[in-house]
Undergrad: 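Please find one structure pasted underneath; my questions will follow.
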Amino acid sequence: MNKSIDIVIPWVDGADPNWRELRNKYSSAEKCTREANTEIRYQSWDNLHLWFRAIEECMSWVNKIFFITCGHLPEFLNVDNEKIRVVRHNEYIPDKYLPTFNSNTIEMNLHRIADLSENFILFNDDLFSLQKIPKEYYFMNDLPCDQAVESPIMPVDIGDLSRWSCMVKTNNLLIINKHFNKREVQKKNFLGWYNLKYGERLKRNIGLHYWNNFVGFHDPHMANAFKKSTLAKLWEVEPELLDAGSSNRFRGETDISQYLIRYWQLCEGSFYPRKTEGKPFTVTIDNCKAIADGIRRRQWQMVSLSENGTGEEFEIIKKTINDALAEIYPNKSSFEK
């Protein structure tokens, strides 16, 4: 039997002129990288209302939705809905880290929200559920459901994003290999690591069995199930490293990401094995129509929609995808005014 399960979704209004002025002020002062402050990171799909419709239809069992914001709110949002809890950054993030424009800082301090449930699911606003998802997909007997699948970190120099991603994955992995012995972890929970539910992904663990240390983990860009107490524990065992990461107002080389919470849960054996479903996409002008057709057919349990376009091209991509989402979610949710 599971305890109550909350959803957490961080959000930013990249068009807010006051927020943009503040962002530009700090980005100039801190000389952050182009990738850390690129416009594509903040451009809006204008489909957040469709995200709420999807949650209400496909995951109606959720206890509350914790809507994380620096202060601004979408005009459509019905804040009087008893299932929504608006949380501003200054309500839970220590003052010394504020203002922050770093999603890792926002996510790695969530344990400080007093009324957030022990069991929660961390979403992004680019993740849309397309099929009904039972609560047991995320938690089973109060254990987060996940897949323990290794995948080596592969540095590929294709720009700032790839370099930053490799650095953060390495930061996470250094902490894991410091606190856990791979051989002992997998011996203690053999069926958690060599589980037939993982399908083809199981081959990764078999192929990497030779190495004594963890060389990396498969990171599906989907909604992840976390224990609040696990994040709190990470701050207890590595306060200096998490403090250094949270001190980056923009994405930086010392960042620690939410995936560390996953890795820790997997290595502790505090999870229930299942295969991760869903389909991640980098949406381009060339593939957006095919993805939209798949959305209309509800072909996948969930989709992750990362954009690769700006200006007029992005507007075409956005309309194509949003039209498809609006077709399958035509009715207003209780989260809309």
Side-chain angles (χ1 to χ4, degrees), residues 1-8 62 66 103-104 106-113 116-124 127 133-151 153 168-195 197-198 201-202 204-205 208 213-239 241-242 245 255-278 302:
M1 186 68 178
N2 290 319
K3 298 176 182 176
S4 61
I5 303 170
D6 290 332
I7 280 179
V8 174
V62 165
F66 283 69
S103 60
N104 292 310
I106 293 166
E107 293 169 348
M108 292 303 289
N109 285 274
L110 291 171
H111 64 293
R112 305 182 196 277
I113 303 176
L116 177 65
S117 294
E118 165 67 359
N119 298 337
F120 71 95
I121 306 164
L122 182 54
F123 264 81
N124 289 327
L127 300 173
I133 307 175
K135 65 177 69 175
E136 290 78 14
Y137 175 78
Y138 289 105
F139 285 92
M140 184 75 71
N141 298 325
D142 277 328
L143 286 178
C145 299
D146 207 339
Q147 59 179 26
V149 175
E150 289 190 83
S151 186
I153 296 173
V168 175
K169 287 183 178 182
T170 300
N171 294 342
N172 291 343
L173 202 58
L174 284 169
I175 293 175
I176 289 299
N177 282 320
K178 173 182 176 181
H179 291 275
F180 294 97
N181 179 288
K182 174 180 171 178
R183 297 295 187 205
E184 292 178 0
V185 165
Q186 295 188 342
K187 181 179 180 180
K188 184 178 178 181
N189 187 18
F190 184 83
L191 290 180
W193 290 87
Y194 295 92
N195 198 299
K197 294 178 182 178
Y198 302 154
R201 296 169 188 168
L202 179 57
R204 302 188 187 204
N205 289 354
L208 293 170
N213 296 309
F214 291 107
V215 298
F217 294 82
H218 177 54
D219 294 328
H221 184 57
M222 292 292 150
N224 294 313
F226 292 141
K227 304 286 285 187
K228 185 177 175 181
S229 57
T230 303
L231 179 52
K233 182 185 293 184
L234 287 170
W235 276 89
E236 292 176 3
V237 299
E238 291 291 353
L241 292 179
L242 269 68
D255 277 11
I256 303 295
S257 80
Q258 57 153 297
Y259 288 108
L260 177 61
I261 313 172
R262 280 192 64 233
Y263 305 165
W264 195 278
Q265 290 174 168
L266 295 176
C267 290
E268 277 194 328
S270 303
F271 73 101
Y272 186 87
R274 61 101 169 99
K275 183 178 180 180
T276 298
E277 304 292 340
M302 183 178 292

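Scope of the values below: all heavy atoms of this structure, side chains included, with no hydrogens, waters or symmetry mates.
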Undergrad: Whether the side chain of Asp255 engages the backbone of Val168 through a donor-acceptor N/O pair (distance < 3.5 Å, no angle test) should be reported.
TA: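 Between the backbone of Val168 and the side chain of Asp255 there is no qualifying donor-acceptor contact (under 3.5 Å).
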
Undergrad: Should the heavy atoms of other residues, nucleotides or ligands under 6.0 Å from NZ of Lys228 be counted, would the total exceed 12?
TA: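 Count over threshold, so yes.
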
Undergrad: Keeping the roles fixed (side chain from Asn195, backbone from Lys197), state whether a donor-acceptor pair exists under 3.5 Å.
TA: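 Yes, the answer is positive, given that a donor and an acceptor are paired below the 3.5 Å cut-off.
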
Undergrad: Are any side-chain N or O atoms of Asp142 and backbone N or O atoms of Lys3, one a donor and one an acceptor, separated by less than 3.5 Å?
TA: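 Between the backbone of Lys3 and the side chain of Asp142 there is a qualifying donor-acceptor contact (under 3.5 Å).
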
Undergrad: Any chance you could measure Arg112, atom CZ, to Leu231, atom CG, to the nearest 0.5 Å?
TA: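 Reported value, rounded in 0.5 Å steps: 8.0 Å.
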
Undergrad: May I ask you to check whether Ser257 and Glu107 show a side-chain donor-acceptor distance below 3.5 Å?
TA: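 The criterion, which ignores hydrogens and geometry beyond distance, is not satisfied for Glu107 and Ser257.
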
Undergrad: Can you tell me how far the CG atom of Leu174 sits from the CD atom of Glu238, to the nearest 0.5 Å?
TA: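 So the gap between those two atoms works out to 10.0 Å.
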
Undergrad: For the residue pair Phe120 and Phe226, categorise the inter-ring angle as parallel (less than 30°), tilted (30 to 60°) or perpendicular (more than 60°).
TA: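 Ring orientation of Phe120 relative to Phe226: perpendicular.
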
Undergrad: Which pair of non-hydrogen atoms, one from Ile256 and one from Leu241, has the smallest distance, and what is that distance?
TA: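 Minimum heavy-atom separation between Ile256 and Leu241: CG1-O, 4.0 Å.
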
Undergrad: Nearest heavy-atom pair of Gly192 and Ala148: which atoms, and what distance?
TA: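 Shortest heavy-atom separation between Gly192 and Ala148 comes out as O-CB, 3.4 Å.
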
Undergrad: Once you round to the nearest 0.5 Å, how far does CG of Leu116 lie from NE2 of His111?
TA: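 Answer for the CG-NE2 pair, Leu116 versus His111, is 11.0 Å.
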
Undergrad: If you define the side chain from C-beta out and look only at heavy atoms, does anything of Pro144 sit under 4.5 Å from Phe139?
TA: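 The answer is yes; the side chains approach within 4.5 Å.
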
Undergrad: Taking all heavy atoms of Leu173 and all of Phe214, pick out the closest pair and write down the distance.
TA: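 Scanning both residues, the minimum pair turns out to be CD2-O, 3.5 Å.
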
Undergrad: Please check: side-chain N/O of Asn205 versus main-chain N/O of Trp193, any donor-acceptor pairing under 3.5 Å?
TA: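 Flag set: sc Asn205 to bb Trp193 pair under 3.5 Å.
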
Undergrad: Who pairs with Asn213 by side chain to side chain contact (heavy atoms under 4.5 Å, CB included), at least two apart in sequence or on another chain?
TA: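 Partners of Asn213 under the side chain to side chain contact (heavy atoms under 4.5 Å, CB included) test: Asn177.
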
Undergrad: Please tell me if the side chains of Glu118 and Ser229 come closer than 4.5 Å, counting only heavy atoms from C-beta onward.
TA: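 Glu118 vs Ser229: side chains touch.
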
Undergrad: Minimum heavy-atom separation for Trp264 to Val237, with atom names?
TA: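 Here Trp264 and Val237 meet closest at CH2-CG2, 3.9 Å.
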
Undergrad: So Phe217 and Tyr263, would you call those rings parallel, tilted or perpendicular, with 30° and 60° as cut-offs?
TA: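 It falls in the parallel class, under 30°.
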
Undergrad: Restricting to side chain to side chain contact (heavy atoms under 4.5 Å, CB included), what partner residues turn up for Lys275, sequence neighbours left out?
TA: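 Scan of Lys275 (side chain to side chain contact (heavy atoms under 4.5 Å, CB included), adjacent residues dropped) gives Gln147, Arg201, Glu277.
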
Undergrad: Could you go through the salt bridge (Lys or Arg N to Asp or Glu O under 4.0 Å) check for Glu268 and Lys233 one step at a time?
TA: CA-CA 12 Å; Glu268 277 194 328; Lys233 182 185 293 184; 2.6 Å; yes

Undergrad: Give a yes or no on this: more than 12 heavy atoms of other residues, nucleotides or ligands lie within 6.0 Å of atom NZ of Lys188.
TA: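 No - once you tally the heavy atoms of other residues, nucleotides and ligands closer than 6.0 Å, there are 12 at most.
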
Undergrad: Check this for me: Tyr272, atom OH, are more than 12 non-hydrogen atoms of other residues, nucleotides or ligands nearer than 6.0 Å?
TA: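 Check fails, neighbour count at 12 or below.
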
Undergrad: Distance check, rounded to the nearest 0.5 Å: Ile5 atom CD1 versus Asn119 atom CG?
TA: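 Reported value, rounded in 0.5 Å steps: 6.0 Å.
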
Undergrad: Within a strict 4.5 Å, meaning less than it, do heavy atoms of the Pro273 and Tyr198 side chains meet?
TA: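 Sidechains of Tyr198 and Pro273: in contact.
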
Undergrad: With a 4.5 Å heavy-atom cut-off, do Ile176 and Cys267 have their side chains touching?
TA: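 With C-beta onward as the side chain, the pair touches.
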
Undergrad: Between atom NZ of Lys169 and atom CG of Asp219, what is the distance when rounded to the nearest 0.5 Å?
TA: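 The distance works out to 5.0 Å.
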
Undergrad: Does the pair Asp146 and Gln265 meet the rule for a side-chain hydrogen bond (donor to acceptor under 3.5 Å, both in side chains), with working shown?
TA: CA-CA 9 Å; Asp146 207 339; Gln265 290 174 168; 5.2 Å; no

Undergrad: Backbone N or O of Met108 within a donor-acceptor pair of the Trp235 side chain at under 3.5 Å?
TA: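 Yes.
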
Undergrad: At what distance, to the nearest 0.5 angstrom, does CG of Asn109 lie from CG of Asn104?
TA: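 Here the rounded value is 10.5 Å.
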
Undergrad: Would you please name every residue forming a side chain to side chain donor-acceptor pair (under 3.5 Å) with Thr276, sequence neighbours left out?
TA: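 Expected list: Arg274.
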
Undergrad: Of the non-hydrogen atoms in Tyr259 and Asn224, which two are nearest, and what is the gap between them?
TA: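 Nearest heavy atoms, Tyr259 then Asn224: CE2-ND2, 3.8 Å.
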
Undergrad: Looking only at heavy atoms, what is the nearest atom pair of Ser151 and Leu208, with distance?
TA: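 Closest approach of Ser151 to Leu208: N-CD1, 4.0 Å.
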
